[in-house]
Amino acid sequence: MTNYLRTLLLTFCLLWLVAAVLSYWFDPLGYFRAREWRSSDFLSDRVWGDGRNVSALLLPVARAETLIGGNSRVGYGFDVADTAVREYTGKAYNLGISGASFDELDAYVRHAVHHHAPETIMLGLDLGQFGLTLQKNPPVIELADDETVWLLARLKAMGYALWSKEALSNILWQAINPHDLTLHGVYNDQLAIKRNREIGVRAASRIVEGHSVSYWREQSDWARYPERMRLLGRMIDDACGLGIDVKLFISPLHVRQLLLMDVLNLSDRFNGWKRDLVKTVERYRTNDCSVMLMDFSGLSDITREAVPPQGDNTSTMKGYLESSHYKPALGRKIVERFWRNDDVSVSFGIALTEANIEDQINGMRAKLVEFRGSHPELVAELSNIARNE
């Protein structure tokens, strides 16, 4: 009986190990996506935080035609398995890194280009990337040419993944639903949707807004702003030298986020950042670089979408998970706007240039003042969030 139980246990462990290896091979980021950055039952948070390193390790393997990078908004906002997106981007890799400052994002992009230059680099930009430091110890990305180094590193990442209790369920899910999830990234929007059903979209919005207030107050690092702007210029310059098409965009911020920045007295800084982006892009565009800057943060029917009232746990939003993160439906519109370069939505997506930046800023300021005046209860709600955080 003892031998039978031992054999049964060893067989189960072997099957689990084989399932984990196969699951990791087909969907390396699936573990982190399924667990949404939580620690495993056997390993610490430190190891599961290495999902950032797993993303880096997969970049040379992905060999994508389009690299889509940014923070968690990009992570949730682009479904690279969407056929409507692939029609324009080809094989794309979603490199959405939670809370990534621009210097960290720059390191990932250089890492990807070093191993396989994509045809297009598409970056979602947020003011926080240039003025916040959320990760105290971002991963160190070595740019070694020795592929053996990368193989060993990938085996190390696989070692982390083998401890996941999701191993067997992941491989079974892959067998039943053989979708190409490998390049999708680590964000699981279904978990976010499930959480919203439990507490409601408005409550979820208030939570992320409270986090934003805390970040701006505790993690501001404006001393590094000039350095990060220089990194952006260097990235564009390097990409131009390799013939890479650079598409930069300011993420579609919901009006609640715009009003929150206004409450926190960040609007002038936000507009100044836009001016700096335009100057940087124009400097390289005059050198025949293929670079474009599109602003999706303006007030429109899309960004003014109503958030369900407090206590409504059933209603959802078309374009947003909550007031901070947008859905792949908006990511698809962003892709279409860039590649088709026409009025996919007349008020959604403005190409910023030195000729129109001041008009766009003044027009945006006037619309926000008008919206703020007609929604005093919303301003009061956001002011209360800012005071209590």
Side-chain angles (χ1 to χ4, degrees), residues 67-74 95-114 120-136 138 141 143 212 215-242 244-253 257-258 261 264-298 334 338 350-358 360-361 364-365:
L67 178 66
I68 305 176
N71 55 17
S72 58
R73 286 172 176 156
V74 168
L95 184 66
I97 304 296
S98 178
S101 58
F102 191 80
D103 38 4
E104 183 184 359
L105 183 60
D106 172 71
Y108 279 102
V109 173
R110 285 190 295 109
H111 172 65
V113 171
H114 177 80
T120 303
I121 294 175
M122 186 174 174
L123 294 182
L125 304 178
D126 283 282
L127 177 61
Q129 294 168 334
F130 295 80
L132 293 180
T133 301
L134 303 184
Q135 298 298 325
K136 295 182 180 179
I141 303 174
L143 299 179
S212 295
Y215 293 156
W216 285 115
R217 287 180 174 166
E218 299 171 10
Q219 301 289 342
S220 294
D221 190 14
W222 295 108
R224 300 187 64 180
Y225 177 85
E227 171 193 346
R228 288 166 174 167
M229 290 303 302
R230 284 193 294 270
L231 283 178
L232 174 61
R234 189 186 70 175
M235 177 189 292
I236 297 172
D237 189 39
D238 292 346
C240 288
L242 294 171
I244 299 173
D245 184 20
V246 180
K247 301 181 186 297
L248 307 175
F249 67 94
I250 300 173
S251 288
L253 299 178
Q257 291 289 322
L258 294 173
M261 283 198 294
L264 296 173
N265 297 316
L266 290 168
S267 293
D268 287 343
R269 192 178 289 275
F270 183 54
N271 291 329
W273 170 66
K274 286 186 180 182
R275 293 186 181 98
D276 290 342
L277 290 178
V278 168
K279 289 178 183 177
T280 300
V281 168
E282 289 295 323
R283 184 167 68 249
Y284 290 98
R285 184 180 295 160
T286 55
N287 293 329
D288 296 327
C289 286
S290 178
V291 56
M292 187 176 189
L293 173 63
M294 195 79 73
D295 184 8
F296 294 92
S297 68
I334 292 173
F338 268 117
I350 302 296
L352 294 183
T353 66
E354 287 184 334
N356 70 5
I357 181 62
E358 293 305 324
Q360 293 301 323
I361 287 176
M364 172 77 166
R365 184 183 293 117

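Each of Leu123, Ile121, Thr120 was compared with Lys247 under the side-chain contact (heavy atoms from CB on, under 4.5 Å) criterion, and only Thr120 meets it. Screening Ile250, Asn356, Leu253 for a side-chain contact (heavy atoms from CB on, under 4.5 Å) with Asp295, the sole residue that qualifies is Ile250.
Distance check, rounded to the nearest 0.5 Å: CE of Met294 to CZ of Phe338 gives 5.0 Å. Atom-to-atom distance recorded for Ser101:OG and Asp126:CG is 12.5 Å, nearest 0.5 angstrom. A distance of 11.0 Å separates CG of Leu105 from CZ of Arg110, quoted to the nearest 0.5 Å. One distance of note links CG of Leu258 with CZ of Arg365; it measures 13.0 Å at 0.5 Å rounding. Here the CD1-CE distance, from Ile244 to Met122, works out to 15.5 Å after rounding to the nearest 0.5 Å. If you take CG on Leu231 and CG on Asp103, they are separated by 6.5 Å, rounding to the nearest 0.5 Å.
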* Worked verdict on Leu277 versus Met229 for side chain to side chain contact (heavy atoms under 4.5 Å, CB included) -> CA-CA 8 Å; Leu277 290 178; Met229 290 303 302; 3.9 Å; yes

* Asked: So Asp106 and Arg234, salt bridge (Lys or Arg N to Asp or Glu O under 4.0 Å) or not? Walk me through it.
  -> CA-CA 9 Å; Asp106 172 71; Arg234 189 186 70 175; 3.1 Å; yes

* From CA spacing to verdict: side chain to side chain contact (heavy atoms under 4.5 Å, CB included), Leu132, Ser220 -> CA-CA 5 Å; Leu132 293 180; Ser220 294; 4.2 Å; yes

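For the pair Leu232 and Asp276, the minimum side-chain heavy-atom distance is 4.5 Å or more. Contact annotation: the side chain of Glu282 never approaches that of Ile357 to less than 4.5 Å [non-hydrogen atoms, C-beta and beyond]. Phe249 places a side-chain heavy atom less than 4.5 Å from the side chain of Val74. Annotation: side chain of Val246 is not in contact with side chain of Cys289 (no heavy-atom distance under 4.5 Å). Counting heavy atoms from C-beta outward, Val113 and Leu242 have side chains that approach closer than 4.5 Å.
Of the possible donor and acceptor atoms, none in the side chain of Gln129 sits under 3.5 Å from a partner among the backbone N and O of Arg228.
Between Lys274 and Ser297, the closest heavy-atom pair is NZ-OG, 3.2 Å. Minimum heavy-atom separation, Cys240 to Ser290: SG-N, 4.3 Å. Residue Ser212 comes nearest to Gln257 through the heavy atom pair OG-OE1, 4.1 Å, listed as atom of the first residue, atom of the second, then distance. Annotation for Ala100 and Gly70: closest pair CB-O, 4.5 Å, computed over non-hydrogen atoms. When every heavy atom of Gly233 is checked against every heavy atom of Thr280, the shortest pair comes out as CA-CG2, 3.9 Å. The nearest pair of heavy atoms linking Leu248 to Val291 is CD1-CG2, 4.4 Å.
Between Phe102 and Phe130, the angle of the ring planes stays under 30°, which puts this pair in the parallel group of the 30/60° scheme. Using a 30° and 60° split on the angle between ring planes, Trp222 and Trp216 fall in the parallel class, below 30°.
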